[in-house]
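FYI, side chains are in, hydrogens and waters are out, and symmetry mates aren't considered; it's all heavy atoms of this structure.
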There are 2 protein chains.
Amino acid sequence: MSAESAPRPGARGHGAEPASGAAPRRGRRRDAEATRRALLEAAGALFDERGFDRATIRDIGERAGVDPALIARYFGGKEQLYIAALADEGRIARRQPQVADLHAIAERLLARWDRGGTSPVRRALSDPAPADPDQRALLRRIMRPGVIDPAKEAVGGEEAALRAELFLALLLGVSAARSNGTLSAVANASRAELLRQLGPLLDALADAPPRADAPDAPPADAPDVPPPADAGG
Amino acid sequence: MSAESAPRPGARGHGAEPASGAAPRRGRRRDAEATRRALLEAAGALFDERGFDRATIRDIGERAGVDPALIARYFGGKEQLYIAALADEGRIARRQPQVADLHAIAERLLARWDRGGTSPVRRALSDPAPADPDQRALLRRIMRPGVIDPAKEAVGGEEAALRAELFLALLLGVSAARSNGTLSAVANASRAELLRQLGPLLDALADAPPRADAPDAPPADAPDVPPPADAGG
DNA sequence: AGCCGATGTCTTCGGTTGATGACAAAGCGC
DNA sequence: GCGCTTTGTCATCAACCGAAGACATCGGCT
C-alpha cells in the first residue's frame with residue numbers, strides 16, 4: 001500500500017492519450033478550456049454510442065485523453081457532464097441556419113443521429129429520463145429551442161406541436177432501430193434509401209389536417225384514456 | 001457480522017412477498033412452474049420499465065415475490081432471463097389472431113408498448129444490442145415471427161420488408177418518446193389522439209410506392225406463412 | 001418411517017462504478 | 001527566487017451488482 005519506497009518522480013505524462021491535436025497552442029500545456037471541450041466531445045460520442053449507464057467516466061476520460069477525475073472537477077459529476085453535453089449540442093444545433101423544410105430537417109437530424117453520430121440528443125429523448133424532476137424540466141428546456149421548435153415551425157398547421165414531436169419520434173425510432181440492428185432492413189439500408197422511403201411520411205405529417213370528420217373530436221387535448229381492457233399480455 | 005449467536009430457526013417464509021395468488025393449488029406450496037412464470041412476468045415489466053441495466057435481479061425477485069437467486073437456478077442468469085422474457089412475449093404475440101390492417105396492428109402494438117405496458121420487446125429493438133453475435137441473431141429470430149412478419153404482411157407491396165420495419169421504428173420511437181417524457185406533447189396526448197395523428201402516416205407507409213416510376217404491383221397476395229421456426233425455450 | 005431429489009433462503013465474493021481527497025507539477029505575479 | 005492559484009495525477013473508498021454456493025425445508029416414494 002504505502003508508496004514510500006521509491007521517490008517516484010511524480011507521474012508526468014502518463015495519465016492518458018497525449019491528445020495530440022493540431023492545436024498550435026504550445027504555450028499552454030495546461031488548458032482548462034481545451035480539457036473541458038475534449039471532455040464534452042468525448043462524452044457526447046460515448047453517451048450516444050452506449051447510453052448513459054454504459055458510458056463510464058473512465059472510458060470518457062480515456063477517449064478525451066484526460067483523467068476521469070477532471071469530470072468531477074469541471075462539471076461536478078457524471079450526470080452534470082451529461083447535461084452539459086446536451087446543452088452544448090443544443091447550442092450547436094441552434095447555430096445552424098434554420099431550414100423550414102421537413103425533408104431537410106430530417107436529413108440533417110438523421111445525419112446527426114445516425115451511426116457514427118456523436119449526439120447524445122437522441123438518447124435524451126428516448127432513454128429513461130432522470131429521476132429528478134428539476135433535471136427533467138431542464139432537459140425539456142434544453143431540447144426545445146434547438147430541436148423541437150424548428151420542427152414545429154416546419155410542420156405548421158394545426159396541432160403543429162404534436163405533429164412536430166411525432167416527426168421527431170419517427171426519426172428517433174429510426175435512429176434507434178438502426179443502431180440496435182435487430183430490424184435488419186432498416187439497419188442495413190443506406191441513408192439515402194431511408195430518406196426516400198420516409199418522404200411520403202413526412203408529406204403526410206406536414207399536410208394532413210388531423211381532424212376532418214372526427215365524430216366526437218374534442219377540440220382540446222384531453223388526456224383521457226379509455227379503459228383499454230385489452231387482454232393482451 | 002458473525003451470525004452465530006442465535007440458533008436462528010432457518011428462514012421460514014420471510015424471503016419475499018407471499019405471492020398470494022389466486023392459485024387453488026394448495027397441494028403444492030412449492031411450484032417451480034409458478035415461480036418461473038412469476039419471474040418472467042416481473043422481468044418483462046421491469047425490463048420494459050427501466051431497461052436491462054437498471055433492472056436488477058434483486059428488484060425482479062422482489063416484484064415476483066421470489067428470491068433473486070432462483071433466477072440463476074431457473075434461467076442461468078440475468079441475460080438468459082431477458083432472452084426468455086422476450087421469447088415468452090413473442091410467443092404471446094404469435095398466439096393472437098393475425099390482422100392484416102396496419103392501423104389495427106399499430107393500435108395493438110401501441111397498447112402493448114405504451115405506458116404501463118409490460119413488454120421488453122420495445123427495448124429489445126432500441127436499446128444497445130448485446131455484444132454476443134449469437135445472442136443478436138437469437139434476438140432477430142425471436143422478433144421475426146411475432147413482430148416483424150405480421151407487419152410485413154400488412155404493408156405488402158414493394159420493399160415491404162424495409163417499410164414494415166420503418167413502421168415498427170415509428171411506433172418504437174413514439175413509445176420511447178412517450179415513456180421518456182421530454183417530448184411533452186407526445187407524452188401527454190391520449191392514445192386515441194396519437195393514433196388519429198398517426199393515421200395518414202400509416203396510409204403513406206402502406207400505399208406509397210417507393211419509386212415514382214414503378215407500376216403498381218399486381219395483387220401479389222402470397223399469404224404464405226413461413227415455417228414457425230419456433231425458438232421458444 | 002426414512003431417504004432423497006426438488007425447491008427455496010441466505011451469505012458471501014469478485015468486479016465495476018462514481019466519487020473524493022491527497023499529492024504533484026505548472027503557470028504567474030511579485 | 002518565492003509563494004499562491006490553477007491544472008493534472010493517483011490511490012482509495014463506499015455502494016451496488018451479478019453470480020455462486022452452503023444450508024434449510026418440503027414432499028413424494030419405497
Atom pair distance, as rounded to whole Å: CZ in A/Phe75 and P in C/dA19
13 Å
Tell me whether the OP1 or OP2 atom of C/dT7 has a side-chain N or O from B/Thr35 closer than 4.0 Å.
no
Rounded to whole angstrom units, what separation is found between the CG atom of A/Leu70 and the C1' atom of D/dC10?
12 Å
Once you round it to whole Å, what is the distance between C1' of C/dG8 and CG of B/Asp31?
13 Å
Just the rounded figure in Å: distance from C1' of C/dA19 to OH of A/Tyr74.
17 Å
Does the pair A/Asp127/A/Arg122 count as a salt bridge with the N-to-O cut at 4.0 Å?
no
Please list, for nucleotides 19-21 of chain D, all pairs of protein and nucleotide N/O atoms separated by less than 3.5 Å.
residue: D/dA19; atom: OP2; partner: B/Lys78; partner atom: N; Å: 3.0

Go through the steps for B/Thr118 and B/Leu46 under the test side chain to side chain contact (heavy atoms under 4.5 Å, CB included), then give the verdict.
CA-CA 8 Å; B/Thr118 60; B/Leu46 272 179; over 6 Å; no
N-O pairing of A/Arg36 and A/Asp31 below 4.0 Å:
no
Would A/Arg37 and A/Asp88 pass as an ion pair if we require N to O under 4.0 Å?
yes
Side-chain ion pair, B/Asp59 and B/Arg50, N-O less than 4.0 Å:
yes
Under the rule for side chain to side chain donor-acceptor pair (under 3.5 Å), what residues qualify as partners of A/Arg112, not counting sequence neighbours?
A/Glu89
Rounded to whole Å, CZ of B/Arg73 lies from P of C/dC10 at a distance of 14 Å
Heavy atoms only: give me the nearest A/Gln197-B/Leu162 pair and the separation to one decimal.
CG-CD2, 3.7 Å
How would you label the contact of A/Ala55 with the nucleic acid (heavy atoms, under 4.0 Å): base, sugar-phosphate, or nothing?
sugar-phosphate
Below 4.0 Å: OP1/OP2 of C/dT16 and any side-chain N or O of A/Thr56
no
To the nearest Å, give me how far apart CG (A/Leu39) and P (D/dT7) are.
13 Å
For atom CD of A/Glu62 and atom P of D/dT9, their distance in whole Å
13 Å
Rounded to whole Å, please give me the gap between CG in B/Asp53 and C1' in C/dT16.
12 Å
